[in-house]
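Contents: one structure, followed by commentary.
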2 protein chains.
Amino acid sequence: MDDPGNGGHAALVQLQAYLAQMDHAGETRLPAERELSESLGVSRGDLRKALAVLEKDGRIWRHVGRGTFVGSGPVEETIGISEIAGRTNPADVMRARLIIEPEIAREAALHATLSDIAAMRQSLVQTRDAVTWRQYENIDNLLHRQIAQASRNNVLLGLFDVLNAVRRTVVWGRLRSEGARPPADHHSFADHERIVEAIAERDLGGAAAAMRLHLQQVERRLIPVREAAE
Amino acid sequence: MDDPGNGGHAALVQLQAYLAQMDHAGETRLPAERELSESLGVSRGDLRKALAVLEKDGRIWRHVGRGTFVGSGPVEETIGISEIAGRTNPADVMRARLIIEPEIAREAALHATLSDIAAMRQSLVQTRDAVTWRQYENIDNLLHRQIAQASRNNVLLGLFDVLNAVRRTVVWGRLRSEGARPPADHHSFADHERIVEAIAERDLGGAAAAMRLHLQQVERRLIPVREAAE
DNA sequence: AAAGGGAATCATACGCGGATTGGTTAAAAT
DNA sequence: ATTTTAACCAATCCGCGTATGATTCCCTTT
């Protein structure tokens with residue numbers, strides 16, 4: 001009404017001023033559109049146009065039901081495990097393990113403390129004592145996690161946990177009753193020992209190689225038809 | 001009452017029978033303790049003792065407010081971004097990036113489609129056109145994510161997203177007003193071009209090396225005092 | 001008649017209170 | 001004295017109401 005000609009431009013200017021004034025405080029959320037439009041004295045349509053400009057510019061971020069916030073994006077867009085697991089397959093999970101875990105083992109060889117290594121050795125013994133596949137699986141998981149923990153890098157540990165959770169949901173329901181207990185000559189026993197030994201000897205490349213070999217063995221056991229088909 | 005002497009043993013046997021019977025169905029959650037105790041005709045105390053045994057054995061797991069489930073552990077223990085970010089530091093995040101992202105780039109060089117590469121090249125141009133640091137950051141993020149996406153592995157992409165979210169929360173609030181816009185000779189421009197070119201030429205090792213080099217540059221810029229201190 | 005503004009409506013997300021469930025403790029019963 | 005039962009606690013889930021951004025429709029104004 002005052003100046004319909006400039007359209008949303010006045011609203012954009014006012015909104016930028018408001019943003020600058022608000023940015024000095026720690027608050028990142030700005031009022032609802034209905035309030036703000038009245039507070040700034042512009043129509044909601046013009047306000048929305050201005051907001052759209054700022055959003056395309058990356059200065060604010062909006063979401064239905066939550067509000068409008070300043071900043072490039074949601075600080076904590078929860079990336080759900082099920083979201084990842086929902087659109088993937090065991091082969092990709094295995095591939096990711098083959099890429100990530102050897103590097104984690106290398107890092108573990110560099111940063112593991114003596115107590116870390118002692119804990120791994122104890123898990124090694126326990127895997128041999130497992131009387132059921134479920135027990136073995138638990139201790140196997142524990143050992144792999146101990147290795148990730150030994151990297152002394154909480155980010156790597158967290159990524160490992162995410163990967164592990166995805167793996168569990170994806171292959172969920174496999175290997176139910178393949179046998180009473182792991183056979184004594186199961187390849188993983190020797191594999192695990194090689195990995196832990198390499199870590200103990202601070203052999204970075206050896207630890208990564210041993211882990212890679214181990215996971216390739218696991219992959220072969222998981223998808224046994226592969227070589228015959230090719 | 002019937003046989004107080006054997007204590008919880010009878011309950012344990014009955015519970016194991018119930019578990020075996022239920023395990024054939026796909027259901028993993030068993031009834032509430034109050035119902036189950038009445039259904040099996042044992043006291044809740046004995047039932048809980050039996051449940052404790054099975055839990056220590058790893059066959060079931062329980063959680064307050066949710067229930068009791070068969071299986072080694074919660075299939076979806078939500079690993080929160082903030083949980084990871086809460087107990088780490090920028091150095092560890094950078095280290096994790098240096099470990100993960102080069103391997104992702106290698107995978108991208110193997111699996112990227114032509115449209116993937118075209119999208120990357122477009123982002124390359126856009127980074128040069130960015131007039132503000134925030135715009136540059138957005139496009140930079142987009143480019144790195146495009147590379148992860150080009151790996152054609154949703155697990156790797158998910159892990160990258162998690163890592164990225166952690167990075168954003170950890171370094172949150174840095175580099176506010178270091179300058180109006182990225183300088184034309186910013187190292188990242190050439191770095192990014194090298195990475196994309198290596199991916200386009202299917203040079204696996206080259207892509208990984210270029211990404212590693214780029215991240216080392218970023219690390220150096222992030223922690224500039226390092227070399228002087230040593 | 002055209003255009004812009006305002007109100008109603010829709011879809012999604014948050015918040016709160018009740019209900020459910022494992023964990024714990026105390027009273028009661030045998 | 002031991003076991004069973006009940007009651008209570010803490011944590012979680014679920015449903016409903018509210019708030020918010022997105023969209024549509026109608027009306028006023030020029």
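Just so we're on the same page: letters track the sequence lines, and every chain starts at 1.
The distance between atom CD of E38(B) and atom P of dT21(C), rounded to the nearest whole Å, is 13 Å. Rounded to whole Å, atom C1' of dT20(D) lies 13 Å from atom CG of L47(A). We find that NZ of K49(B) is positioned 13 Å from P of dT5(D), with the value rounded to whole Å. Regarding D46(A), its CG atom lies at a distance of 9 Å from the C1' atom of dG5(C), rounded to whole Å. Summarising the geometry, the separation between CD on E33(B) and P on dC8(D) is reported as 19 Å, rounded to the nearest angstrom. Atom CG of L51(B) and atom P of dT24(C) are 13 Å apart (whole Å). When rounded to the nearest whole Å, the span between CZ of R66(A) and P of dA22(D) equals 13 Å. In this structure, L54(B) places its CG atom 16 Å from C1' of dG22(C), rounding to the nearest Å.
At a threshold of 4.0 angstrom between heavy atoms, the contacts of G45(A) with the nucleic acid are absent.
Side chain of R29(B) to backbone of R66(B): a donor-acceptor contact under 3.5 angstrom is found.
Residue R34(B) places a side-chain atom within donor-acceptor reach of the base of dG22(C), judged by atom type and a 3.5 Å distance cut-off alone. Contact annotation: side chain of R44(A) to base of dG4(C), donor-acceptor pair absent below 3.5 Å.
Atom CD in E103(A) sits 11.0 Å away from atom CG in L98(A) (nearest 0.5 Å).
Set against dG22(C), dT4(D), dA22(D), the side chain of R48(A) has dA22(D) as its closest nucleotide. Taking the side chain of R29(B) as heavy atoms from C-beta on, and the options dG23(C), dT20(D), dT21(C), the nearest nucleotide is dT21(C). Of the candidates dT4(D), dT12(C), dG22(C), dG22(C) carries the atom nearest the T68(B) side chain, counting heavy atoms from C-beta on. Proximity note for R62(B) (side chain, C-beta onward) versus dT20(D), dT4(D), dG22(C): the nearest is dG22(C). Set against dT4(D), dT20(D), dG5(C), the side chain of S43(A) has dG5(C) as its closest nucleotide. Among the nucleotides dT20(D), dT21(C), dT12(D), the one closest to the side chain of A32(A) is dT20(D).
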TODO: Begin from the C-alpha positions of R145(A) and L157(A) and carry the test side-chain contact (heavy atoms from CB on, under 4.5 Å) through to its verdict.
DONE: CA-CA 8 Å; R145(A) 192 174 193 280; L157(A) 179 58; 4.0 Å; yes

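The shortest heavy-atom contact between I104(B) and S151(B) is O-CB, 4.3 Å.
In the displayed structure, E38(B) atom CD is contacted under 6.0 Å by at most 12 heavy atoms of other residues, nucleotides or ligands.
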